[in-house]
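What follows is a short report on a single structure.
First listed ligand is number 1; within each ligand, the first listed atom is number 1.
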Amino acid sequence: MGRDVIIACDFSSKKEVIDFLSQFKDEKPFVKIGMELFYAEGPEIVREIKAMGHKIFLDLKLHDIPNTVMKAMKVLSSLDVDMCNLHAAGTVPMMEAAIKGLTREDGSRPILIAVTQLTSTSEERMNEDLLISEPIDKVVMHYAMNAKKAGLDGVVCSPLEAGKVHDVCGSEFVTVTPGVRFADGDIGDQVRVTTPEKAKEIGSDYIVVGRPVTQADDPVAAYKRCIAEFVG
Ligand code: C5P
């Protein structure tokens, strides 16, 4: 699987996202659509951005009983998204059901990746609220292995964990990594960040970049810089 840059389109309305994407003339970036935009605008926003020629990572993080996830994934697959995700905490049977739902009649399907533990979950909260007593690194790698066992393609993780995920799950297992900032840029509310260049060195397959591109004075130039540093 080739390396690519995914722009996190964290906008709250169709107008904002279409205005933003209309600035791109020669490039058709891979874009991430999250819950905010999807819940605000519905599946039509996916069809519209797809029709503009973009690949889409639909970041809805499904987590429910296997039958419900299977049926929901079937709907997402028919929307022709390129990548989608779920919570590995839903267990291996739920992830297997997701693959079943996603797989189209011709055998094709979107890339499916798992969230292991959210980066907003501290080890303390995981221990006390979720009653999971193992160290968080061990839990993340165990969930990644479960995702692999269920037939998923990869996980969302910090770029700093991408090397370890590849060591544990193999080099073909995809790592999709947010928390990316330019060396001379603002880190904002992210804590553990890395540059596109460093993410490439560690072995991320896809970097997810939001504000460094969406809030840049020249978003197209910022996107091209990501591509040059990460892919180029
Ligand atoms: O603007 P920024 O580059 O921080 O955006 C990163 C994107 O990746 C956001 O959509 C954020 O919700 C998402 N994300 C993240 N950390 C995770 C999982 C997803 O920053 N662990």
Checklist line | Taking atom 6 (C) of ligand 1 as the reference point, the nearest protein heavy atom with its distance | finding: Q190 NE2, 3.9 Å
Next item on the list: Could you check V5, I111, T177, T175 and say which one makes a side-chain contact (heavy atoms from CB on, under 4.5 Å) with Y206?
Entry: I111
Notebook entry, point to check: By number and element, which atoms of ligand 1 are closer than 4.0 Å to a non-hydrogen atom of G210?
Noted result: 1 (O), 2 (P), 3 (O), 5 (O)
Check: How are the rings of F24 and Y223 set relative to one another: parallel (under 30°), tilted (30 to 60°) or perpendicular (over 60°)?
Finding: perpendicular
Check: Do R104 and S108 have side-chain atoms, one donor and one acceptor, less than 3.5 Å apart?
Finding: yes
Notebook entry, point to check: Who's the nearest protein heavy-atom neighbour of atom 21 (N) of ligand 1, and how far?
Noted result: T119 OG1, 2.7 Å
Item checked: Protein contact of atom 16 (N) of ligand 1 - nearest heavy atom, named by residue and atom, plus distance -> P178 CG, 3.5 Å
Check: Do NZ/NE/NH1/NH2 and the carboxylate oxygens of R47 and E44 come within less than 4.0 Å?
Finding: yes
Notebook entry, point to check: Among S158, C9, A8, whose heavy atom sits nearest atom 7 (C) of ligand 1?
Noted result: A8
Note to self: When you compare the side chains of H166 and D205, does any donor N or O come within less than 3.5 Å of an acceptor on the partner?
What the structure shows: yes
Next item on the list: From atom 9 (C) of ligand 1, work out which of V115, D189, D10 has a heavy atom at the shortest distance.
Entry: D10
Checklist line | SB check K224 E27 (cutoff 4.0 Å) | finding: yes
Next item on the list: Answer yes or no for P212: is there a heavy-atom contact with ligand 1 below 4.0 Å?
Entry: yes
Next item on the list: Between Q215, R211, M35, flag the one that comes closest to atom 4 (O) of ligand 1 by a heavy atom.
Entry: R211
Margin query: Measuring from atom 11 (C) of ligand 1, which candidate in R192, K61, K32 has the nearest non-hydrogen atom?
Written below: K32
Notebook entry, point to check: Below 4.0 Å from any atom of ligand 1, is there a heavy atom belonging to R181?
Noted result: yes
Item checked: Distance-only donor-acceptor check, side chains S13 and E16, under 3.5 Å -> yes
